[in-house]
Amino acid sequence: MSEAGADWALRLDKVARLYAEGSGTLEVFSDISLSLRQGEVVALVGPSGAGKSSLLHMAGLLEAPSRGEVLIEGAAASTLSDRERTRLRRDAIGFVYQAHHLLPEFHALENVMMPQLIAGKSYAAAETEARRLLVLMGLGQRLTHRPAQLSGGEQQRVVIARALANHPRVLLADEPTGNLDPRTAAGVFDALIAIVRTEGTAALVATHNLELAARMDRALILHEGRLLDGGKPGTSPA
Ligand SMILES: Nc1ncnc2c1ncn2[C@@H]1O[C@H](COP(=O)(O)OP(=O)(O)O)[C@@H](O)[C@H]1O
Ligand SMILES: [Mg+2]
């Protein structure tokens with residue numbers, strides 16, 4: 001692997017997020033750089049208000065940084081047209097939010113098929129892939145349950161399967177288990193980590209829970225506008 005890093009799935013290069021506030025500006029963070037290798041599972045840890053969601057929105061090409069550059073597989077977002085950027089977001093990035101937004105009238109399998117059908121896959125191929133992902137998420141016995149017939153943890157498992165349905169290079173998860181009780185959260189987290197490892201997807205997972213962060217390859221800590229590399233959680237720095 002060269003330093004030039006053709007194998008980086010996601011890079012943020014000296015990005016800043018500023019918001020207008022009265023007559024001045026609020027600087028949430030500035031000069032933040034990070035790189036995720038293909039298949040790496042990284043925690044983004046920080047207290048509420050630290051800027052985790054802002055950073056993920058930027059990484060997911062939902063918002064342009066105030067300064068700096070976002071690169072997805074080496075492509076610099078600022079050099080793309082709106083159309084190219086939208087396509088890159090759709091093809092290369094999967095999102096998981098705290099609240100699930102599953103389609104209530106469709107069962108689990110159909111919810112995971114939907115983004116694949118929108119992307120132009122055949123019904124049969126989408127169904128095969130949705131079944132495979134849901135089985136990996138431990139939902140083999142829940143394929144034709146609608147969201148209302150699933151527990152909160154099961155719903156988030158469907159959401160994670162759906163986010164991976166079109167094989168994104170990068171999964172961005174914003175406090176994906178924030179609405180769940182600690183035991184359910186830990187189970188869903190473990191399933192998320194296992195499936196992204198199986199699929200080879202890079203993942204950046206925001207959480208304020210250090211115990212959950214410790215399950216990942218390494219943790220980045222966002223605090224007072226700085227990003228610190230916390231290394232492998234639970235071990236002392238080399
Ligand atoms: N659209 C916005 N306009 C102004 N301030 C914002 C906006 N979005 C977020 N902020 C502020 O930016 C800071 C970081 O927010 P956020 O990224 O949501 O943090 P976290 O996800 O870590 O809780 C907070 O102080 C928040 O109030
Ligand atoms: Mg947030």
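Ligands are counted one by one from 1 in listed order, and the atoms in each one are counted from 1 as well. Source: prediction; values computed, not measured.
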List every atom of ligand 1 that sits less than 4.0 Å from any heavy atom of [X], numbering the atoms from 1 in the order shown and giving each element.
X: S48; result: 23 (O)
X: S53; result: 17 (O), 18 (O), 20 (P), 21 (O)
X: K52; result: 17 (O), 19 (O), 20 (P), 21 (O), 22 (O), 23 (O)

Exercise. Can you get from L134 to L192 by hopping between Ile, Leu, Val, Met, Phe, Trp and Tyr side chains that sit under 4.5 Å apart?
Worked result: yes

May I ask you to check if ligand 1 and [X] share an N or O to N or O distance below 3.5 Å?
X: A50; result: yes
X: Y19; result: yes
X: V28; result: no

Problem set entry | Location of contacts on P47 toward ligand 1, heavy atoms closer than 4.0 Å | backbone

Exercise. Is any side-chain heavy atom of V41 closer than 4.5 Å to a side-chain heavy atom of R215?
Worked result: no

Problem set entry | More than 12 heavy atoms from other groups under 6.0 Å of NE2 on H167 | yes

Exercise. If you count the non-hydrogen atoms of other residues, nucleotides and ligands that lie under 6.0 Å from CZ in R169, is the total more than 12?
Worked result: no

Exercise. Parallel under 30°, tilted from 30 to 60°, perpendicular over 60°: which one fits the rings of Y97 and F95?
Worked result: parallel

Problem set entry | For atom 23 (O) of ligand 1, closest protein heavy-atom neighbour | G49 N, 2.6 Å

For this session: Can you confirm whether something in the protein, heavy atoms only, sits under 4.0 Å from atom 5 (N) of ligand 1?
Result: yes

Exercise. Is there a protein heavy atom less than 4.0 Å away from atom 14 (C) of ligand 1?
Worked result: yes

Exercise. Among A206, S54, G51, which residue places a heavy atom closest to atom 19 (O) of ligand 1?
Worked result: G51

For this session: Can you see which heavy atom on R67 is nearest to which on S30, and at what distance?
Result: NH2-CB, 3.5 Å

For this session: Tell me whether S54 has at least one N, O or S atom under 2.8 Å from the Mg ion (ligand 2).
Result: no

Exercise. Got a sec, which residues hit side-chain contact (heavy atoms from CB on, under 4.5 Å) with S33, two or more places apart in sequence or on another chain?
Worked result: D13, K14

For this session: Could you tell me whether K121 and E129 make a salt bridge, using a distance below 4.0 angstrom between a side-chain N and a carboxylate O?
Result: no

